[in-house]
Amino acid sequence: MQTFDKYPFLFSDAPYWKWRRHLSFWVFWWLFQAFLYSFIAVNNPYEYPKRLASSSIESLLYLSAHIFLAYFIIYFIIPRYLLRQRYLLTIAWVVFAFLVAALLSGALSLTLIAEVRSYFLLEQAAYYKRPLGMALFLGWMAGLRGAITIGGIAGAIKLMKYWYVKEKTNQRLIAENAQNQLELLKAQVHPHFLFNTLNNIYSHAQQTAPTAANMILELSDMLRYMLYETGHSSVPLSKEITLLKNYIGLEGQRYGNNLDLQFRTEVPSGYWEIAPLLLLPLLENAFKHGASQAIEHPWISFDLRVDDKGRCTIKVLNGQPLPEKRRTSAGGGLGLANFQKRLDILYPGHNLQIINEDDIFAVNLELTLQPTVKTTQYTMETHKTPAYARS
């Protein structure tokens, strides 16, 4: 059992556990503050029950400033600035948040909390009798002290949880990768035998079945790419596009002119790199659900564009069968689920939108590619619809 499942109260993001976790923290913080500050004025002539009652209400009122500061830090500053390594803006926002929380605490001290102390302790603290400017300064300093305490605690808890979860996720991915490699080794056919066999079949099929020969050649290219290229963390985008073309060549033969296929790319050829086999699931899903025999006029549209800054936009659309003819998991499935997991790991700043409507399934993806170090020049190329696709 994974740590996240074993301790849901600490790590689960489900609303059931999240509400209880946050509520427990603030209740604990309120009682801790109330108990702590009830002993500060230990030489106070008033009885302890009165001091505890006053301290409890004061701590409850201070929670508004503390809650604002804590959530502002953990849900705004940390994810938007600290985790993105924007340290100067992080410092500026933290200082701003502390000052606002301190001012809010100081205002509470001079208004509502002053009334609470007057009611329970029958007199105000000594600094309330000072000039207004001095009282404001002392209230602000007291609020700043509390703000730094709760802000530090909230930020530390958020970061500890973030790094712990990230480390556990990395360990799980390493273990899964090792298992996948082991399974691949078990099922692997010796490449030389495989390619020699395919070449022999291709040679015999050239004269008698040229279409089948072309399909064998495309399959051979795909297998060679998968065996020898995908061991790297990234490959040239042009090779990934070639893989997609070979896949389209194999799948397109099944449908002939019955399939309306639009395949367009506008990319800096050989200049950008992408994770291997990243885009293939999009086409696989489109053929599986967009070219189904349940669709009277199957169609698929694939559009890939890259600008000069490496921003890659991919749009894949396909038709869907009528709801009454639709199979389970129409429009998506395990392939897209794994695709989304890979995106989260390899391209954390990506933007993925999936639209699943009655007659159309669309995937819109935006991500930023890394440039190829060895290549400094490139040419633009646009690939039109393949020959077998219907115009």
Side-chain angles (χ1 to χ4, degrees), residues 7-78 94-161:
Y7 303 105
F9 180 79
L10 296 177
F11 299 106
S12 176
D13 287 329
Y16 176 86
W17 294 109
K18 197 171 185 178
W19 277 100
R20 283 157 179 76
R21 182 168 64 243
H22 286 236
L23 182 62
S24 299
F25 173 82
W26 289 116
V27 169
F28 169 79
W29 179 251
W30 167 52
L31 295 177
F32 172 76
Q33 292 282 96
F35 184 74
L36 177 65
Y37 286 104
S38 66
F39 284 98
I40 288 181
V42 68
N43 295 323
N44 193 298
Y46 299 103
E47 298 177 355
Y48 179 75
K50 290 185 177 180
R51 298 203 308 271
L52 180 61
S54 176
S55 178
S56 299
I57 298 178
E58 291 174 26
S59 299
L60 188 62
L61 293 174
Y62 276 130
L63 277 185
S64 59
H66 294 170
I67 289 174
F68 155 76
L69 177 65
Y71 289 127
F72 189 78
I73 289 176
I74 65 177
Y75 288 123
F76 180 78
I77 297 178
I78 289 179
V94 167
V95 171
F96 170 78
F98 280 159
L99 292 179
V100 171
L103 290 174
L104 181 58
S105 297
L108 289 171
S109 297
L110 297 178
T111 55
L112 297 177
I113 292 176
E115 295 296 328
V116 171
R117 290 184 177 179
S118 297
Y119 178 79
F120 284 96
L121 305 181
L122 303 180
E123 66 178 9
Q124 295 179 329
Y127 67 84
Y128 290 119
K129 300 178 182 179
R130 298 173 184 261
L132 180 61
M134 180 60 68
L136 286 172
F137 175 76
L138 292 175
W140 181 78
M141 290 298 294
L144 184 61
R145 177 187 60 193
I148 293 175
T149 302
I150 189 61
I153 293 175
I157 292 175
K158 178 68 174 181
L159 289 175
M160 288 174 62
K161 180 183 175 183

Which residues pass the salt bridge (Lys or Arg N to Asp or Glu O under 4.0 Å) test with K18, not counting sequence neighbours? none

Face-on cation placement of R20 at Y16 ring, 6.0 Å and 45° thresholds: yes

Only pairs under 3.5 Å count here: list side-chain donor-acceptor contacts from residues 27-36, not counting sequence neighbours, and write none if there are none.
residue : atom : partner : partner atom : Å
W29     : NE1  : H66     : ND1          : 3.1
W30     : NE1  : S56     : O            : 2.8

State which residues pass side-chain contact (heavy atoms from CB on, under 4.5 Å) with A14; sequence neighbours excluded, sorted by chain then number. S12, W17

I need the I150 CD1 to Y62 OH distance, nearest 0.5 Å. 14.0 Å

Pairs satisfying salt bridge (charged side-chain N to carboxylate O under 4.0 Å, His left out), at least one member in residues 95-105, at least two apart: none

For residues 67-78, please give each side-chain donor-acceptor pair under 3.5 Å, one per line with the distance, not counting sequence neighbours.
residue : atom : partner : partner atom : Å
Y71     : OH   : H22     : ND1          : 2.7
Y71     : OH   : W26     : NE1          : 2.9

